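Reading through the structure tokens given below for one structure.
Only a predicted model underlies this, so the values are computations on that prediction, with no experimental measurement involved. Residues: numbered from 1 along the sequence shown.
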Amino acid sequence: MGAKSLCLGALVLLLLRAAAAGELRSCEDARKVFRLRQLGPLRGFPQTPRAGVDLQVCSSKNPTCCTKKMEERYQAAAKQDIQQVLQTSSAMLKFLISRNAAAFQETFEMLIKLAENYTSTLFCNTHRNMAVEAATHVQEFFTDIGLFIFGTDISTEDFVNRFFDTLFPVVYSHMINPGLRDVSLEYAECLRMATRDIRPFGNVPKIVARQMGRSLLPSRTFLQALNLGIEVINTTDHLHFSKDCSRALLRMQYCPHCQGLTLSKPCMGYCLNVVRGCLANMAEVDLHWQGYIQSLEELSSAMHGTYDIEHVLLNFHSLVNDALVQAHINGPELSEQVNKICGPPVRKPTQSPGCSFDQNKDNQGLKMFSRDSEETLANRRKEFIGHLRLYRAFYGGLADQLCANELAAADGLPCWNGEDVVRSYTHRVVGSGIKAQSGNPEVKVKGTDPVISQIIDKLKHIIQLLQGKSFPKYDKWDLQQTGSGGSVDEQISGDCDDEDGCEGSGSGEVKRVLKITDWAAVGVCWTLGSPFQCLTPEEMLFDSQEGPMVTESSTKKEAGAHG
């Protein structure tokens with residue numbers, strides 16, 4: 001078998017050399033390829049070889065099938081070919097990141113709306129007299145959460161405090177001073193301004209602000225990082241090639257056609273020198289791309305417990321309930337403090353609208369989903385990172401991949417070395433990256449591409465964000481890499497402390513007293529648009545851990561489970 005292959009290779013080499021040695025009699029093969037690849041009109045394409053004295057790149061002492069015009073078209077085709085190969089090589093990576101970026105964004109939107117539903121349900125079922133008034137503040141709060149996650153420059157601490165500040169006048173007039181109705185705007189503003197001083201909700205606003213900062217900021221950064229990943233790929237897919245690179249690509253891919261060698265492929269070493277030279281700037285992205293993926297992985301590992309947006313958002317309603325219970329317990333003291341600051345309220349007895357049920361409402365707007373353990377955000381991130389990790393060395397090995405899979409001749413076969421068909425390429429093969437190109441015999445590389453430099457700067461910045469190094473406000477989110485080599489998930493246990501609102505703190509604070517399952521006595525309301533809408537208990541089935549779920553099944557089994 002080896003002898004036959006050797007003989008076949010020798011025969012091919014002789015035939016190709018014969019064509020290259022001046023025995024080319026017709027340009028028909030080159031014309032066919034030119035026409036099939038739709039490189040341009042055939043008008044002016046030589047029927048027979050001619051002297052190529054006007055050629056700038058594909059010059060030859062032998063007769064040629066190329067003209068200067070054809071050489072220009074071949075050069076454009078060579079650049080287009082390499083860009084197409086680049087885009088094909090990155091297609092799966094780009095699809096992986098863009099698909100997951102869209103999926104995570106959609107999931108975040110769904111979690112925000114679900115958490116809003118849970119919070120509205122809390123008011124509807126336990127504080128029905130203030131449900132309608134509270135709905136506006138709840139909706140504004142979750143709108144702010146969405147704005148923050150998707151990139152708006154707002155402070156989580158500010159919108160958390162704003163929510164509790166605006167909620168207090170409602171709570172005061174319906175819970176602490178229940179005979180009070182329709183307070184004046186001036187009095188409501190005084191109540192709002194007094195909230196920070198009298199702290200009606202205890203430490204709950206501080207706990208919520210900390211949890212929101214811990215969970216929303218990493219999720220926002222994670223999403224920004226995915227969008228930057230797409231930008232990096234789009235940029236490198238449409239890389240600008242220098243004039244010297246374009247001429248080298250022409251010489252490698254199409255100059256053989258001028259000599260009738262339409263089936264020849266470049267030698268592996270020759271291909272590596274040309275493509276590594278053309279992609280030298282792209283190879284500079286490699287180190288930062290690897291850091292980007294590693295930082296994404298470390299951040300993903302750290303996003304659990306109070307760093308997990310799913311955990312925090314879907315448990316927000318319970319902290320709101322803690323706040324309301326605390327305000328109710330401290331009602332007499334709070335009323336006394338309010339009277340000192342704002343004076344006695346003016347009573348205007350009116351009927352406050354409650355939370356009414358309407359079984360004929362269209363309930364399609366209630367977006368609630370069953371959180372299967374296999375479909376948690378953590379598992380989705382883990383699966384995504386597992387696939388992304390396979391592309392850590394994508395940019396460093398891209399030139400080698402293109403030559404091995406697409407461009408170069410197979411080992412042992414005669415190949416094109418830029419001038420002739422030979423058995424092997426004899427020049428030195430340089431490495432990847434800009435510094436290695438000083439000795440490249442095929443391509444001259446002049447400095448760093450400013451577009452690539454900009455992409456590298458963006459990668460450096462997002463890596464810092466992913467590692468938590470640019471968030472001095474959130475000192476608890478310590479995602480910096482340790483000098484000892486400890487991973488991020490080793491540094492952050494995810495266990496919540498007393499200030500996070502965990503059970504069993506022993507601090508004496510009033511913890512959760514209203515279980516989600518207690519809502520079965522009333523129903524569920526939501527605020528997906530207007531007006532305020534509710535479901536009856538017959539339409540509800542409850543999950544004791546995750547809140548109300550809409551289902552078509554009977555409530556008998558759940559009722560039995562909860563006694």
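In this structure, Gln87 and Lys94 have side chains that are not in contact, with every pair of non-hydrogen atoms separated by 4.5 Å or more. The shortest distance between side-chain heavy atoms of Tyr395 and Ile233 falls below 4.5 Å. Counting heavy atoms from C-beta on, the side chains of Ser424 and Cys415 never come closer than 4.5 Å. Side-chain contact between Lys458 and Ile462 is absent, with no heavy atoms from C-beta onward closer than 4.5 Å. With a 4.5 Å cut-off on side-chain heavy atoms, Tyr425 and Pro441 count as touching. Contact check for Leu313 versus Met212: side-chain heavy atoms found under the 4.5 Å cut-off. Counting heavy atoms from C-beta outward, Arg392 and Glu297 have side chains that approach closer than 4.5 Å. Taking 4.5 Å as the limit, some side-chain heavy atom of Leu279 sits within range of a side-chain heavy atom of Phe241.
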### Task
Take Val445 and Asn440 through the test side chain to side chain contact (heavy atoms under 4.5 Å, CB included) and record every step on the way to the result.
CA-CA 9 Å; Val445 179; Asn440 194 328; 5.6 Å; no

### Message
Let's go through Asn405 and Val85 carefully: what are the C-alpha distance in whole Å and the side-chain angles of both, what is the deciding distance for side chain to side chain contact (heavy atoms under 4.5 Å, CB included) to 0.1 Å, and is it a yes or a no?
### Response
CA-CA 10 Å; Asn405 297 341; Val85 170; over 6 Å; no

### Task
Using the side chain to side chain contact (heavy atoms under 4.5 Å, CB included) rule, take Ser242 and Lys446 through it: C-alpha gap first, then chi angles, then the decisive distance, then the call.
CA-CA 9 Å; Ser242 67; Lys446 301 176 181 177; over 6 Å; no

### Message
Run the side chain to side chain contact (heavy atoms under 4.5 Å, CB included) test on Glu71 and Gln75 for me, step by step, so that the C-alpha distance in whole Å, both residues' side-chain angles and the decisive distance to 0.1 Å come before the verdict.
### Response
CA-CA 6 Å; Glu71 192 179 50; Gln75 182 163 326; 5.6 Å; no

### Task
Under the side-chain hydrogen bond (donor to acceptor under 3.5 Å, both in side chains) rule, what do Thr262 and Asp29 come out as? Steps first, then yes or no, please.
CA-CA 7 Å; Thr262 55; Asp29 288 343; 5.1 Å; no

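Taking both residues in full, the closest heavy atoms of Leu390 and Gly386 are given as CG-O, 3.9 Å, listed atom of the first, atom of the second, then distance. For the residue pair Gly447 and Ile434, the shortest heavy atom distance occurs at O-CD1, 3.9 Å. When every heavy atom of Thr448 is checked against every heavy atom of Ser453, the shortest pair comes out as CG2-OG, 3.0 Å. Residues Ala280 and Gln437 approach most closely at CB-CG, 3.7 Å, considering heavy atoms. Of all non-hydrogen atoms in Arg381 and Met303, the two that sit nearest each other are NH2-O, 2.8 Å. Between Cys271 and Leu407, the shortest heavy-atom contact is SG-CB, 3.8 Å.
Remark: of the listed residues Val443, Val429, Leu402, Val429 is the sole one forming a side-chain contact (heavy atoms from CB on, under 4.5 Å) with Arg276. For the side-chain contact (heavy atoms from CB on, under 4.5 Å) with Ser432, the lone residue among Val275, Asp286, Asp400, Leu272 that qualifies is Asp400. Of the candidates Thr235, Asp449, Thr236, Thr235 is the only one forming a side-chain contact (heavy atoms from CB on, under 4.5 Å) with Ile455. Gln211 pairs with exactly one of Ile309, Asn315, Val312 by the side-chain contact (heavy atoms from CB on, under 4.5 Å) rule, that one being Val312.
Taking NZ of Lys265 as the reference point, atom CD of Gln253 lies at 10.5 Å (rounded to 0.5 Å). Here the CZ-CD distance, from Phe159 to Glu157, works out to 10.5 Å after rounding to the nearest 0.5 Å. Distance check: Leu228 CG to Leu223 CG gives 12.0 Å after rounding to the nearest 0.5 Å. Separation of atoms CE (Met252) and CD1 (Ile82) is listed at 6.0 Å; rounding is to 0.5 Å. Rounding to the nearest 0.5 angstrom, the gap separating the CG atom in Leu226 from the OG1 atom in Thr221 is 11.0 Å. Taking CD1 from Ile149 and CG from Asp144, the interatomic distance works out to 11.5 Å, rounded to the nearest 0.5 Å.
Summarising the local packing, CD of Glu72 is surrounded by more than 12 heavy atoms from other residues, nucleotides or ligands at distances under 6.0 Å. Within 6.0 Å of CD in Glu109 there are more than 12 heavy atoms belonging to other residues, nucleotides or ligands.
Proximity of a side-chain donor or acceptor of Gln84 to a complementary backbone N or O of Lys79 within less than 3.5 Å is not detected. Of the possible polar contacts, none joining the Arg380 side chain to the Phe104 backbone as a donor-acceptor pair under 3.5 Å is found. Side-chain atoms of Arg50 come within 3.5 Å of backbone atoms of Cys66 as a donor-acceptor pair (strictly under, hydrogens ignored). A donor-acceptor contact shorter than 3.5 Å links the side chain of Gln83 to the backbone of Leu239. Between the side chain of Tyr270 and the backbone N or O of Ala408 there is no donor-acceptor pair closer than 3.5 Å. Asn273 contributes no side-chain N or O that, together with a main-chain N or O of Glu442, makes up a donor-acceptor pair within less than 3.5 Å. Counting only distance, with no hydrogens or angles, the side chain of Arg220 and the backbone of Phe148 share a donor-acceptor pair below 3.5 Å. With hydrogens and angles disregarded, no donor-acceptor distance shorter than 3.5 Å links the side chain of Ser300 to the backbone of Leu296. Judged by distance alone, the side chain of Ser59 and the main-chain N or O of Leu55 form no donor-acceptor pair under 3.5 Å. Judged purely by atom type and a 3.5 angstrom limit, Glu310 uses its side chain to pair as donor or acceptor with the backbone of Leu377.
Classified by interplanar angle (parallel below 30°, tilted 30° to 60°, perpendicular above 60°), the ring pair Phe141/Phe316 is parallel. Classified by interplanar angle (parallel below 30°, tilted 30° to 60°, perpendicular above 60°), the ring pair Tyr74/Tyr254 is parallel.
The SG atoms of Cys58 and Cys255 lie less than 2.5 Å from each other.
One finds a salt bridge joining Lys113 and Glu116 here, because a Lys/Arg side-chain nitrogen approaches an Asp/Glu carboxylate oxygen to under 4.0 Å.
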